[in-house]
K.L.:
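Provided herewith is a single structure, encoded as structure tokens, for subsequent inquiry.
Values below: all heavy atoms of this structure, side chains included; hydrogens, waters and symmetry mates excluded. Position 1 is the first residue of the sequence; numbering continues from there. All values reported here derive from a predicted model rather than from experimental measurement.
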Amino acid sequence: TYEEQPRRSFTDERKQRLIRHTGPDDQALLRLVWPTRDDTDPVATLTLELLERVARIAMTETLRESLGKAYSPGASSRLSRHWPGYGTFSLTASVAVAEVPAATAAISSTLTALQTAPIDSDMLQRARQPMVEQLQNALKSNPRWLSLVDRAQSESARIARFIKARDRLLALAPADLQAAAKTYLDPHEALEILVLPEGIDPPA
């Protein structure tokens, strides 16, 4: 037990963080990070993982439409198993320095779309099917078997959670993802991290 464990919290100071790199002088990285929750609720965990996949697809399409280039943006949901109440969701785009404003606008457009209307069935299928296949194939290799067996006594609920994961995932609807986006991905609550080359001013 960890009664004496201090709480882990997300910063309340959401002003932009500017970080410098010494690599190519035309490359920048933009990241938005939000606090979410821990992974004690299996349905909430799957919902945020599916939202991660949806956001990655949506950002890719929006960035390509806005910038005309095949960028591969990232999305990540990380919910803690050990820190109560702690988790993060992030969106990341690696772009040319001059395209930071356009990328920022594209991400904002993506967030607005995810919050204001349910996604269509095609995007839901594209995001969910790889997760379903991963669950179906998980126990065909030793590592996943061992990860469950290793905690069969100390975390027996994880086995039931795994068994129910596929049905829970298939039960998630576009409205569930929209609700999660509204709950966690408020643009005004994001911590923005901008990585620029040394000596380059942030684009206007």
K.L.:
Counting only N and O atoms by type, is there a donor-acceptor contact under 3.5 Å from the side chain of T112 to the main-chain atoms of S108?
P.N.:
yes
K.L.:
Flag the pair L50 / L124 as yes when at least one side-chain heavy-atom distance between them is below 4.5 Å, and no otherwise.
P.N.:
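With C-beta onward as the side chain, the pair touches.
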K.L.:
What are the two closest non-hydrogen atoms of F89 and A55, and how far apart are they?
P.N.:
CZ-CB, 4.3 Å
K.L.:
Would you say the side-chain atoms of Q115 pair up with the backbone N or O of A181, donor to acceptor, closer than 3.5 Å?
P.N.:
yes
K.L.:
Determine, step by step, whether L177 and M123 satisfy the side-chain contact (heavy atoms from CB on, under 4.5 Å) criterion, reporting the C-alpha distance in whole Å, the side-chain angles of both residues, the deciding distance to 0.1 Å, and the verdict.
P.N.:
CA-CA 12 Å; L177 301 176; M123 182 174 289; over 6 Å; no
K.L.:
Just do the side-chain contact (heavy atoms from CB on, under 4.5 Å) check on E189 and R14 with the steps written out, would you?
P.N.:
CA-CA 7 Å; E189 292 298 316; R14 306 296 169 83; 3.3 Å; yes
K.L.:
When you compare the side chain of P42 with that of K164, does any pair of heavy atoms fall below 4.5 Å?
P.N.:
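No; the side chains remain at least 4.5 Å from each other.
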K.L.:
So how far is it from R126 CZ to I119 CD1, rounded to the nearest 0.5 Å?
P.N.:
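So the CZ of R126 and the CD1 of I119 are separated by 10.0 Å.
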K.L.:
Using the rule side-chain hydrogen bond (donor to acceptor under 3.5 Å, both in side chains), only one of R161, R37, R81 pairs with T45; which is it?
P.N.:
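That would be R161; it is the only one of R161, R37, R81 passing the side-chain hydrogen bond (donor to acceptor under 3.5 Å, both in side chains) with T45.
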K.L.:
Under a 4.5 Å side-chain heavy-atom rule over Ile, Leu, Val, Met, Phe, Trp and Tyr, are L67 and V195 clustered together?
P.N.:
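No: no chain of side-chain contacts under 4.5 Å links L67 to V195.
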K.L.:
Any side-chain heavy-atom pair from L51 and D176 closer than 4.5 angstrom?
P.N.:
no
K.L.:
Grab the two heavy atoms, one from P202 and one from L194, that are nearest each other, plus how far apart they are.
P.N.:
CB-CD2, 4.3 Å
K.L.:
Membership question, hydrophobic clusters at under 4.5 Å side-chain separation (ILVMFWY): are L169 and V43 in the same one?
P.N.:
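Both belong to a single hydrophobic cluster.
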K.L.:
Quick one: do L172 and L135 end up in the same hydrophobic cluster if we chain Ile, Leu, Val, Met, Phe, Trp and Tyr together by side-chain heavy atoms under 4.5 Å apart?
P.N.:
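Yes, same cluster.
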K.L.:
Just wondering, do L91 and L111 contact through their side chains at under 4.5 Å, heavy atoms?
P.N.:
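Side-chain contact under 4.5 Å: yes.
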K.L.:
Heavy-atom count check: over 12 atoms from other residues, nucleotides or ligands less than 6.0 Å from E133 CD?
P.N.:
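Above 12, so yes.
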K.L.:
Locate the shortest heavy-atom distance separating P130 from Q125; write the atom from each residue and the value.
P.N.:
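It is CD-O, 4.3 Å.
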K.L.:
Any chance you could lay out the side-chain contact (heavy atoms from CB on, under 4.5 Å) test for V132 and R166, step after step, and finish with the verdict?
P.N.:
CA-CA 6 Å; V132 172; R166 181 177 179 276; 3.9 Å; yes
K.L.:
Do you know the tightest heavy-atom contact between L32 and A190?
P.N.:
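Shortest heavy-atom contact: CB-CB, 4.2 Å.
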K.L.:
OG1/T110 to CD/E61 distance, rounded to the nearest 0.5 angstrom?
P.N.:
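Rounded to the nearest 0.5 Å, the OG1-CD separation comes to 9.0 Å.
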K.L.:
I'd like to know if the side chain of H21 reaches the main chain of L29, judged simply by a donor and an acceptor atom lying under 3.5 Å from each other, with no hydrogens or angles considered.
P.N.:
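Checked: no pair found.
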K.L.:
To the closest 0.5 Å, what do you measure between CZ (R56) and OG (S72)?
P.N.:
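R56 CZ to S72 OG: 10.0 Å, rounded to 0.5 Å.
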K.L.:
Looking only at atom types and distance, does a side-chain atom of S77 sit under 3.5 Å from a main-chain N or O of E52, one as donor and one as acceptor?
P.N.:
no
K.L.:
So if you build clusters from Ile, Leu, Val, Met, Phe, Trp, Tyr with side-chain heavy-atom gaps below 4.5 Å, do V33 and I107 land together?
P.N.:
no
K.L.:
Please give me the minimum heavy-atom distance between V97 and P203, naming the atom from each residue.
P.N.:
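In this case the closest contact between V97 and P203 is O-CG, 3.2 Å.
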K.L.:
Verify, without hydrogens or angle tests, whether R20 (side chain) and I200 (backbone) share a donor-acceptor contact under 3.5 angstrom.
P.N.:
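Yes.
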K.L.:
Assess the residue pair L196 and D201 against the criterion (side-chain contact (heavy atoms from CB on, under 4.5 Å)); give the C-alpha distance rounded to whole Å, side-chain angles, the decisive distance to 0.1 Å, and a yes or no.
P.N.:
CA-CA 8 Å; L196 292 175; D201 293 332; over 6 Å; no
K.L.:
Is there a donor-acceptor pair closer than 3.5 Å between any side-chain N or O of R78 and the backbone N or O of T88?
P.N.:
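Between the backbone of T88 and the side chain of R78 there is no qualifying donor-acceptor contact (under 3.5 Å).
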K.L.:
Decide yes or no for R53 and Q129: does some side-chain heavy atom of the first lie under 4.5 Å from some side-chain heavy atom of the second?
P.N.:
no
K.L.:
How far does OG1 of T183 sit from CD of Q178, to the nearest 0.5 angstrom?
P.N.:
10.5 Å
K.L.:
Working to the nearest 0.5 angstrom, can you tell me the gap between I193 CD1 and I19 CD1?
P.N.:
5.5 Å
K.L.:
Kindly indicate whether the side chain of R7, heavy atoms from C-beta on, has any atom under 4.5 Å from the side chain of P84.
P.N.:
yes
K.L.:
Ignoring hydrogens and geometry beyond distance, is a side-chain donor-acceptor pair present between S109 and T62 at under 3.5 Å?
P.N.:
no
K.L.:
I'd like to know if D38 pairs up with R8 as an ion pair, taking the criterion as any Lys NZ or Arg NE/NH1/NH2 lying under 4.0 Å from an Asp or Glu carboxylate oxygen.
P.N.:
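Salt bridge between D38 and R8, a charged N being under 4.0 Å from a carboxylate O: no.
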K.L.:
What's the shortest heavy-atom distance between L191 and K15, and which atoms?
P.N.:
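Shortest heavy-atom separation between L191 and K15 comes out as CD1-O, 3.6 Å.
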K.L.:
Look at the side-chain heavy atoms of Ile, Leu, Val, Met, Phe, Trp and Tyr, link any pair under 4.5 Å apart, and say whether L48 and W83 land in one connected group.
P.N.:
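They do not share one cluster, since no chain of ILVMFWY contacts under 4.5 Å joins L48 to W83.
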K.L.:
I need the E192 CD to R17 CZ distance, nearest 0.5 Å.
P.N.:
11.0 Å
